[in-house]
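See structure below.
In what follows, chains are A, B, ... by sequence order, proteins preceding strands, each numbered from 1.
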Protein chains: 2
Amino acid sequence: MSATRKALDNEAEEPTARQEAVLDAVLSLMVEEGDQLTMNAVARRASCSKETLYKWFGDRDGLLTATVRWQAARVRAGRYDGQNLDVAALRDSLKDFAANWLTVISSPTSIALNRLAIGHAASHKSNLGPIVLANGRFAIGERLRPVLEAGREAGLLDFDDPETAFRTFFGLVGRDVQIRLLLGDTLDMSAAEIERDAVRATDQFLALHGRKPSAPKA
Amino acid sequence: MSATRKALDNEAEEPTARQEAVLDAVLSLMVEEGDQLTMNAVARRASCSKETLYKWFGDRDGLLTATVRWQAARVRAGRYDGQNLDVAALRDSLKDFAANWLTVISSPTSIALNRLAIGHAASHKSNLGPIVLANGRFAIGERLRPVLEAGREAGLLDFDDPETAFRTFFGLVGRDVQIRLLLGDTLDMSAAEIERDAVRATDQFLALHGRKPSAPKA
DNA sequence: CCCGAACCGTAACGTACGGTACGGTTTGTG
DNA sequence: CACAAACCGTACCGTACGTTACGGTTCGGG
């Protein structure tokens, strides 16, 4: 049972601890230096040889892909189960969800990662864009959908299409934050500010899709 | 009166017709090839010499900056004056505004330009990010504000801070469209779809900030 | 007609970087 | 201890591209 198995060409392989350290080095370089993300710099930062990098990840693109996947894997957090269906719990779930999402997209790591993926979407090589999309936008959509549907089942929410409802919530939460951060604007995004934004977005969403529990429909 | 004046190092200079043709070549290359935006390719596409490019724009960064400015200058369109203060006119103004904005951000040119600026925001060289931000997000904010304030003056809208109200509208209109397009997702965004989205966003905004004209406050 | 400025097309230069090769060192195993 | 695999550090190669240089051509003014 060797420590490196086959290499991470295919998506399935889990990186070893050492490989994770390398990927963390890539992330830190990406955040600090932005574009000075050369194979030499990675090898230096990770104290490994370029030969090892190519052995493990195939090429530069494979390294970046593995890095995106590695970061995506650790974002998984937050439990938002759709039980306890009263309006306060629903509001709390939505608010926590919004706050968590704002925290993620305003983190330096997320900003650097999205910039990288967007740059790669310009050239048509590799598919970092779809990966980031699948683990960001679409992942949270999937995670929030049960909450929304549970809210609808409980007569607390009113909407036709869960996807459309989610996109409305997404817009109310994110607004112009992500594009401004990606373009280099400096935004407050302190914990207090995020909390305020999350509450506001949640209130607005409930104002649009909340149903008065006057006729709870048995 | 030479045709080329000094060069476009400083922001003030207006490009000549020939220079505009060069900038259009840059734009078309940006949209078509994405990253194959080399000085050689630009010179070939624009049928000019590289020497001329450097004489006019200083360096590659100057050329890109001039291109961003040139494109920004032509986006100016749409009139949304705040007169005729009835609810139908306000709704129309908001809807046209939303449709126009969605059309802009879903155009290939805008996508390519934002990708370029985001890539440059990663490296700290130049300031394409602020330029795009100033001519995109902030420009429309400034243009919509009078509409919102006129609506408030007329008793049709209710909000505390125009900026916050605008950001809500911005979120309801854009939702996840821009980030998905930037990351390479293929979205419908046909004229019909844009129209639907604009109407929906406007209705939602009015549901949140519209005021029933029951007591028009003399 | 003549001259010079502006410009085109191409060639050439220097560097940065992705990718490869290799010698020396560590590490795990029988 | 011996041996092999993995790995580190560094040097090296080829290419792409930004930038500069130069010869030839067009064009407007005197």
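- With sequence neighbours left out, Glu33(A) forms a salt bridge (Lys or Arg N to Asp or Glu O under 4.0 Å) with no residue at all.
- Side-chain N/O atoms of Trp56(B) include one lying less than 4.0 angstrom from OP1 or OP2 on dC7(C).
- Nucleotide dT15(D) holds its C1' atom 16 Å from the CG atom of Asp59(A), rounded to whole Å.
- One atom, CZ of Phe57(B), and another, C1' of dA6(C), lie 15 Å apart when rounded to the nearest Å.
- Contacts of Ala121(B) classified as side-chain contact (heavy atoms from CB on, under 4.5 Å), with partners at least two apart in sequence or in another chain: Arg115(A).
- In this structure, the CD atom of Gln19(A) is 11 Å from the P atom of dC8(D), given to the nearest Å.
- Whole-Å rounding puts the Arg44(B) CZ to dG18(D) P distance at 11 Å.
- With sequence neighbours excluded, the residues that form a side-chain contact (heavy atoms from CB on, under 4.5 Å) with Arg137(A) are Leu133(A), Glu163(A), Phe166(A), Arg167(A), Phe170(A), Asp176(B), Arg180(B).
- The phosphate of dT27(C) (OP1 or OP2) has no side-chain N or O of Arg18(A) nearer than 4.0 angstrom.
- Both Asp61(A) and Ala43(B) sit near DNA chain C, but only Ala43(B) has its closest nucleotide nearer the 5' end.
- Sequence neighbours left out, the pairs with a member in residues 38-51 of chain A that pass salt bridge (Lys or Arg N to Asp or Glu O under 4.0 Å) are Glu32(A)-Arg45(A).
- Side-chain to base pairing of Lys50(A) with dG19(C): one donor and one acceptor N or O lie within less than 3.5 Å of each other.
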With 3.5 Å as the limit, what N/O pairs link the protein to nucleotides 15-17 of chain C?
none

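- Leu37(A) has its CG atom 13 Å from the C1' atom of dG18(C), to the nearest Å.
- Taking 4.5 Å as the limit, every side-chain heavy atom of Val68(B) sits out of range of all side-chain heavy atoms of Asn135(B).
- Look at CG on Leu53(B): it is 14 Å from C1' on dT10(C), rounded to the nearest Å.
- Checked against side-chain contact (heavy atoms from CB on, under 4.5 Å), Asp160(B) has no partners two or more places apart in sequence or in another chain.
- When the side-chain contact (heavy atoms from CB on, under 4.5 Å) test is applied to Asp24(A), the partners found at least two apart in sequence or on another chain are Leu27(A), Trp70(A), Arg74(A).
- Minimum atom distance to the side chain of Lys55(A) is reached by dC7(D), of the listed dC8(C), dC8(D), dC7(D).
- The phosphate of dC8(D) has OP1 or OP2 within less than 4.0 Å of a side-chain N or O from Thr52(A).
- Across Leu148(A) and Pro162(A), no two heavy atoms sit closer than the pair CD1-O, 4.0 Å.
- Rounded to whole angstrom, the span from the CG atom of Leu64(A) across to the C1' atom of dG19(C) amounts to 14 Å.
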Distances for protein N or O near nucleotides 22-26 of chain D N or O, under 3.5 Å:
| from | atom 1 | to | atom 2 | distance (Å) |
| --- | --- | --- | --- | --- |
| dC22(D) | N4 | Glu51(B) | OE1 | 2.7 |
| dC22(D) | N4 | Glu51(B) | OE2 | 3.3 |

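- For Arg18(B), there are no side-chain hydrogen bond (donor to acceptor under 3.5 Å, both in side chains) partners, not counting sequence neighbours.
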